[in-house]
Amino acid sequence: AVNKSGKHTWDPAQDAPARIKRVSIEGNIAVGKSTFGRLLQSACPDWEVMTEPVSMWQNIGTGSSKDPHGPPQTVSNLLQMMYQDPQRWSYTFQTYACMSRVKTQLQPPPAHLLASEGSPVQVYERSVYSDRYIFALNMFELGCIGPTEWAIYQDWHSLLVEEFGHRLELEGIIYLRAPPETCLQRLRQRGRAEEEGVKLDYLETLHLQHERWLLEKSTEVHFDKLRQVPVLQLDASVEFQRDPLVQQRLISEVKNFFS
Ligand code: DGT
């Protein structure tokens, strides 16, 4: 929409203006999605990178904080609970992660994107689609989400995606691809406490899910439009975190792909 002063405005009941592209960054744990998102953010003024709310999953307030005589507010670390007891907590984790991804993808574009004369892009770290076709599916195949939980998850996930329609659609996916061994090395280097017990075979199963979804175009994907979303595959096995030349090459690949 355009208001009286000629500025683009955002009506939350409407879709994002068609010229704003929505793109997600996908890839294995610790491949470097956040680092790459920050690079994109600083190299492309017309891009807005929305970060993944990992800290929300680590700090869920429980207990009553409103009643001064009630139990004190405590904090649960759902990420840690999921890694410590995946059979008990994977389904719960998936409901919360998916809800936070829906919220992120529904956030209106910031004013500077709406006002931009260029080719603005809103970028998400992961999406409601990797929630289902990477993590939830993987946990189901590993036996950490039971058949009944999986049926219920798929039912409400499809309902959400269909009901929110255009507002959750993507115009592109950036797939940061690296061998699981490289991701494990990066994961150990960053030393996130909850991930201490993560083993190579878990990263291998997640790698295969990415390959099935993004490269082999798995027939498990239930949304026709999602199967047609263009995927840019980037070689993230190279050390891009500190090498400015590699960074420039990757950024220009992205810019060319989405221009
Ligand atoms: P990056 O920036 O590529 O280094 O990525 P990370 O590892 O910071 O971010 P990400 O999305 O791979 O995940 C953060 C942590 O949360 C990691 O331990 C994996 C876990 N995680 C993320 N999403 C899900 C999910 O939907 N289900 C499960 N079970 N775990 C998830």
Side-chain angles (χ1 to χ4, degrees), residues 24-41 49-60 76-105 123-146 149-150 153-154 156-157 160 173-207 209-210 213-214 234-242 250:
S24 78
I25 306 178
E26 306 288 355
N28 212 336
I29 301 176
V31 71
K33 294 176 295 299
S34 309
T35 311
F36 195 72
R38 282 193 293 274
L39 286 178
L40 279 177
Q41 186 68 85
V49 180
M50 328 276 286
T51 53
E52 192 176 46
V54 180
S55 62
M56 256 176 65
W57 311 336
Q58 293 168 310
N59 295 288
I60 300 179
S76 293
N77 182 340
L78 186 57
L79 186 65
Q80 187 178 45
M81 292 152 76
M82 183 272 298
Y83 276 125
Q84 281 180 351
D85 190 351
Q87 248 138 2
R88 168 65 183 85
W89 291 107
S90 288
Y91 177 78
T92 310
F93 187 92
Q94 239 34 76
T95 63
Y96 197 59
C98 194
M99 184 184 74
S100 60
R101 289 174 171 135
V102 169
K103 281 186 187 166
T104 304
Q105 284 182 245
V123 184
Y124 313 102
E125 268 182 53
R126 298 201 190 277
S127 57
V128 293
Y129 305 108
S130 36
D131 197 282
R132 175 164 173 173
Y133 296 114
I134 301 294
F135 283 103
L137 176 61
N138 198 47
M139 287 309 201
F140 168 62
E141 289 181 353
L142 292 176
C144 299
I145 285 181
E149 290 170 323
W150 180 225
Y153 173 96
Q154 293 184 94
W156 61 249
H157 186 280
L160 283 179
I173 294 176
I174 299 170
Y175 173 25
L176 294 185
R177 186 163 182 259
E181 292 80 3
T182 310
C183 296
L184 187 64
Q185 253 174 16
R186 293 178 186 166
L187 183 146
R188 294 279 174 255
Q189 263 162 23
R190 80 165 169 214
R192 191 182 272 151
E194 295 87 344
E195 295 168 347
E196 249 170 38
V198 171
K199 302 272 180 334
L200 183 61
D201 55 0
Y202 182 57
L203 296 186
E204 281 171 345
T205 58
L206 289 171
H207 179 74
Q209 302 294 2
H210 281 88
W213 173 34
L214 296 170
L234 291 181
D235 178 9
S237 64
V238 285
E239 229 357 287
F240 66 90
Q241 315 231 359
R242 263 167 254 107
L250 294 176

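Whatever order the structure lists them in is the order used to number ligands and atoms, beginning at 1. FYI, side chains are in, hydrogens and waters are out, and symmetry mates aren't considered; it's all heavy atoms of this structure. As the structure is a prediction and not an experimental result, all values here were calculated from the model.
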Open item on the list: I'd like to check which ligand 1 atoms, numbered from 1 as shown, lie under 4.0 Å from a non-hydrogen atom of L79.
Closed with: 16 (O), 20 (C)

Open item on the list: Among all protein heavy atoms in this structure, tell me which lies nearest to atom 14 (C) of ligand 1, with the distance rounded to 0.1 Å.
Closed with: R192 NH1, 3.3 Å

Open item on the list: Any nitrogen or oxygen of Y83 lying under 3.5 Å from a nitrogen or oxygen in ligand 1? Just yes or no.
Closed with: yes

Open item on the list: Heavy-atom contact check, 4.0 Å cutoff: does W57 meet ligand 1?
Closed with: yes

Task: E194 contact mode with ligand 1 (heavy-atom cut-off under 4.0 Å) - done: neither

- [ ] Output yes when a side-chain donor or acceptor of H207 lies under 3.5 Å from a complementary backbone atom of E181, and no otherwise.
- [x] no

TODO: Drop me the distance from R186's CZ to L184's CG, to the nearest 0.5 angstrom.
DONE: 11.5 Å

Open item on the list: Side chain, backbone, both or neither: which applies to T35 and ligand 1 if a contact is any heavy-atom pair less than 4.0 Å apart?
Closed with: neither

Open item on the list: Has S24 got a side-chain atom pairing as donor or acceptor with E26's backbone, closer than 3.5 angstrom?
Closed with: no

Open item on the list: I need the nearest protein heavy-atom contact for atom 3 (O) of ligand 1: residue, atom name and distance, please.
Closed with: K33 N, 2.6 Å

- [ ] State the atoms of ligand 1, each with its element, that fall below the 4.0 Å cut-off from a heavy-atom position in M139.
- [x] 29 (N)

Open item on the list: Walk me through whether R101 and E52 qualify under salt bridge (charged side-chain N to carboxylate O under 4.0 Å, His left out).
Closed with: CA-CA 8 Å; R101 289 174 171 135; E52 192 176 46; 2.7 Å; yes

TODO: Flag yes if more than 12 heavy atoms outside R242 fall under 6.0 Å of its CZ atom; otherwise flag no.
DONE: no

Open item on the list: With heavy-atom distances below 4.0 Å as the criterion, list the atoms of ligand 1 near R101.
Closed with: 22 (C), 23 (N), 24 (C), 25 (C), 26 (O)

Open item on the list: Check contact between G32 and ligand 1, using heavy atoms of the residue and a distance below 4.0 angstrom.
Closed with: yes

Task: Winner among F135, F36, W89 once heavy atoms are compared against atom 25 (C) of ligand 1 - done: F135

Open item on the list: Quiz question: by atom type and distance under 3.5 Å, do the side chains of E149 and Q94 form a donor-acceptor pair?
Closed with: no

Task: Check: G143 main-chain N/O paired with Q87 side-chain donor or acceptor under 3.5 Å - done: yes

Task: Winner among E52, E125, Q94 once heavy atoms are compared against atom 11 (O) of ligand 1 - done: E52

Task: pair V128-H157: side-chain heavy atoms closer than 4.5 Å - done: yes

TODO: Apply side-chain hydrogen bond (donor to acceptor under 3.5 Å, both in side chains) to S127 and Q105, showing your working.
DONE: CA-CA 8 Å; S127 57; Q105 284 182 245; 4.8 Å; no

Open item on the list: Show the atoms of ligand 1 that are less than 4.0 angstrom away from any heavy atom in M82.
Closed with: 28 (C), 29 (N), 30 (N)

- [ ] Report the part of E195 in contact with ligand 1, treating N, CA, C, O as backbone and CB onward as side chain, heavy atoms under 4.0 Å; options are side chain, backbone, both, neither.
- [x] side chain

TODO: Using modelled atom types only, decide if a donor and an acceptor are shared between the side chain of Y153 and the backbone of R132 within a distance under 3.5 Å.
DONE: yes

TODO: Specify side chain, backbone, both or neither for Q80, according to which of its non-hydrogen atoms lie closer than 4.0 Å to ligand 1.
DONE: neither

Task: Proximal atoms of ligand 1 relative to R126 (non-hydrogen, under 4.0 Å) - done: 10 (P), 11 (O), 12 (O)

- [ ] Determine whether the side chain, the backbone, both or neither of R190 has a heavy atom under 4.0 Å from any heavy atom of ligand 1.
- [x] side chain

Task: Donor-acceptor under 3.5 Å (K33 side chain, N28 main chain) - done: yes

- [ ] Compute the minimum heavy-atom distance from G27 to ligand 1 and say whether it is under 4.0 Å.
- [x] no

